[in-house]
There are 2 protein chains.
Amino acid sequence: MSTAPAFRRSEPDARRLSLIEACARVLARAGIAGASVRTIAVEAGVSPGLVGHYFPGVDALIAATYGHTGARVDAALEAAVAAAGDDPRARLEAFVTASFTAPIADPELLATWIAFWSLVRARPEIAALHDEQYGGFRAQLEALLAAAGVARPELRPRAIELTALVDGLWLELCLSPQAFSADEAAAIARAALARIISPDRATG
Amino acid sequence: MSTAPAFRRSEPDARRLSLIEACARVLARAGIAGASVRTIAVEAGVSPGLVGHYFPGVDALIAATYGHTGARVDAALEAAVAAAGDDPRARLEAFVTASFTAPIADPELLATWIAFWSLVRARPEIAALHDEQYGGFRAQLEALLAAAGVARPELRPRAIELTALVDGLWLELCLSPQAFSADEAAAIARAALARIISPDRATG
DNA sequence: CCACTTGTTGTACGACTGTCCAACAAGGTT
DNA sequence: AACCTTGTTGGACAGTCGTACAACAAGTGG
């Protein structure tokens, strides 16, 4: 009678990814306060010591989780834009309203995101990740706005505006779901976009 | 030779306030992770045990700090509006741009605010405080928009929009100061406001 | 079947956490 | 001057934190 293996070995990359995903789940559930090495290890079904084997410290794991989560959000936005077809206006609306449907409109994702925000000031590497993430948002928005015929000097301020508006709506939608609905948030974003794209034919 | 007193007694309200202000400073400096009973006590120049004497637990102290900080922000906004005079448009602009000047445009205040956000999901009392705070923002904005002649059915969505826009701009301005300037943020908020108030005379 | 690499475990360590409470003393009253 | 209320201290307590590391074992090449 041979005993079952006490553990399975994994490909380093696969184990790394499973630790990152476990970290994301813990951040979503309990925020930064609950993201301890032991909690994350239990979530990943792994011994606490293994975290130190793949990451220099818990901060590095959290930074890696930011990168991974940011990439997932980027992918969701890109998919929404791609599904909208070729019309520049439709693509813009898709980008600007995607944050109010799954998988982005999720209080747990916001909890993860807030944890990252809370680290921006203290950890330079997280700050760099943040700058890159939001710079990417604005750059993508500038490209979509340009395709929709927005004048060159307007590109930058309008991209900043829409990024901030969507971020603010997403934040409040997830924090106070009863204050307004996801549909309301999407309608507000669309209305703001309409006012930006066609200033002389503004509509509610 | 008489020794100096080892400590001074304070009025309960004064000591309570000094603990709240120390808590706010710690949250600003180190975020929620650094807000321990001992750290706050040292910041207030007081023994650790005293915190438990004034608050049932550290959570209650943080909640009280949210209330106090929120009231300070409200006061700053109110002062900005009052200083703008009687013109409805000027009052709206003052409200909408006040977040990009001192004392609101402050990375340390944002750090405190992020700490509160991180507690909204877990602590119902913090969630209630948050709903009240942001409900107040929107109600004040609705009143200012109504005074500026915005149509009744537009009041709610435009108040939600402007609150979200200002919040998003403030967030990003404090997290990535090099991405855009406070003046730029104010100009963006003013332009959005202009598009809302006079949809047919939109300006950059 | 043995040897070797290395992913994995479990624990020990010092520092920190929140809560609690007996003892102390400051400041006012009698 | 003796007394009393109560703000305040400082440490005990059990628990958790991040890190480090020796020992173990899974899987592979021989």
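Quick note on labels: first sequence line is chain A, next is B, and so on, each numbered from 1.
Summarising the geometry, atom CZ belonging to B/Arg38 is positioned 10.0 Å from atom OG belonging to B/Ser47; distances are rounded to the nearest 0.5 Å. Note: A/Ile188 CD1 to B/Leu165 CG = 11.5 Å, rounded to the nearest 0.5 Å. Note that the OG atom of B/Ser99 and the CG atom of B/Leu109 stand 9.5 Å from one another [nearest 0.5 Å].
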Can you check nucleotides 7-14 of chain C for protein contacts, nitrogen or oxygen pairs under 3.5 Å, and list what you find?
| from | atom 1 | to | atom 2 | distance (Å) |
| --- | --- | --- | --- | --- |
| C/dT8 | OP1 | A/Arg8 | O | 3.1 |
| C/dT8 | OP1 | A/Ser10 | N | 2.8 |
| C/dT8 | OP1 | A/Arg15 | NE | 3.1 |
| C/dT8 | OP1 | A/Arg15 | NH2 | 2.5 |
| C/dT8 | OP2 | A/Arg15 | NE | 3.2 |
| C/dT8 | OP2 | A/Tyr54 | OH | 2.8 |
| C/dT9 | OP2 | A/Ser47 | N | 2.8 |
| C/dG10 | N7 | A/Ser47 | OG | 3.3 |

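The rotation axes computed at either terminus of the helix from C/dC1-D/dG30 to C/dT30-D/dA1 lie 10° apart, taking five pairs at each end and rounding to 10 degrees.
Inter-residue side-chain proximity for B/Val166 and B/Phe95 is flagged as unmet; no heavy-atom pair is nearer than 4.5 Å. In this structure the side chain of A/Tyr134 reaches within 4.5 angstrom of the side chain of A/Asp167, judged on heavy atoms.
Ring planes of A/Tyr66 and A/His130: tilted class, angle from 30 to 60°. Using the six-membered ring where Trp is involved, A/Trp117 and B/Trp117 have ring planes that are tilted, between 30° and 60° apart.
Within residues 17-29 of chain A, no residue has any heavy atom under 4.0 Å from DNA chain C. Listed by residue number, the members of residues 112-128 of chain B with any heavy atom below 4.0 angstrom from DNA chain C form an empty set.
Of all heavy-atom pairs spanning A/Ala105 and A/Phe100, the tightest one is CB-C, 3.4 Å. Between B/Trp170 and B/Asp106, the shortest heavy-atom contact is NE1-N, 4.3 Å.
Nucleic acid contact for A/Ala35: sugar-phosphate only, since backbone atoms but no base atoms lie under 4.0 Å from a heavy atom of the residue.
As rounded to whole Å, 10 Å separates atom P of C/dT17 from atom CD1 of B/Ile40.
By the salt bridge (charged side-chain N to carboxylate O under 4.0 Å, His left out) test, A/Arg156 pairs with B/Glu184, sequence neighbours left out. Every residue meeting the salt bridge (charged side-chain N to carboxylate O under 4.0 Å, His left out) condition with B/Glu172, not counting sequence neighbours, appears here in chain and number order: A/Arg138.
Side-chain N/O atoms of B/Asp74 and B/Gln140 include no donor and acceptor closer than 3.5 Å.
Salt-bridge annotation for A/Glu43 and A/Arg29: present, with a side-chain N of the basic residue lying under 4.0 Å from a carboxylate O of the acidic one.
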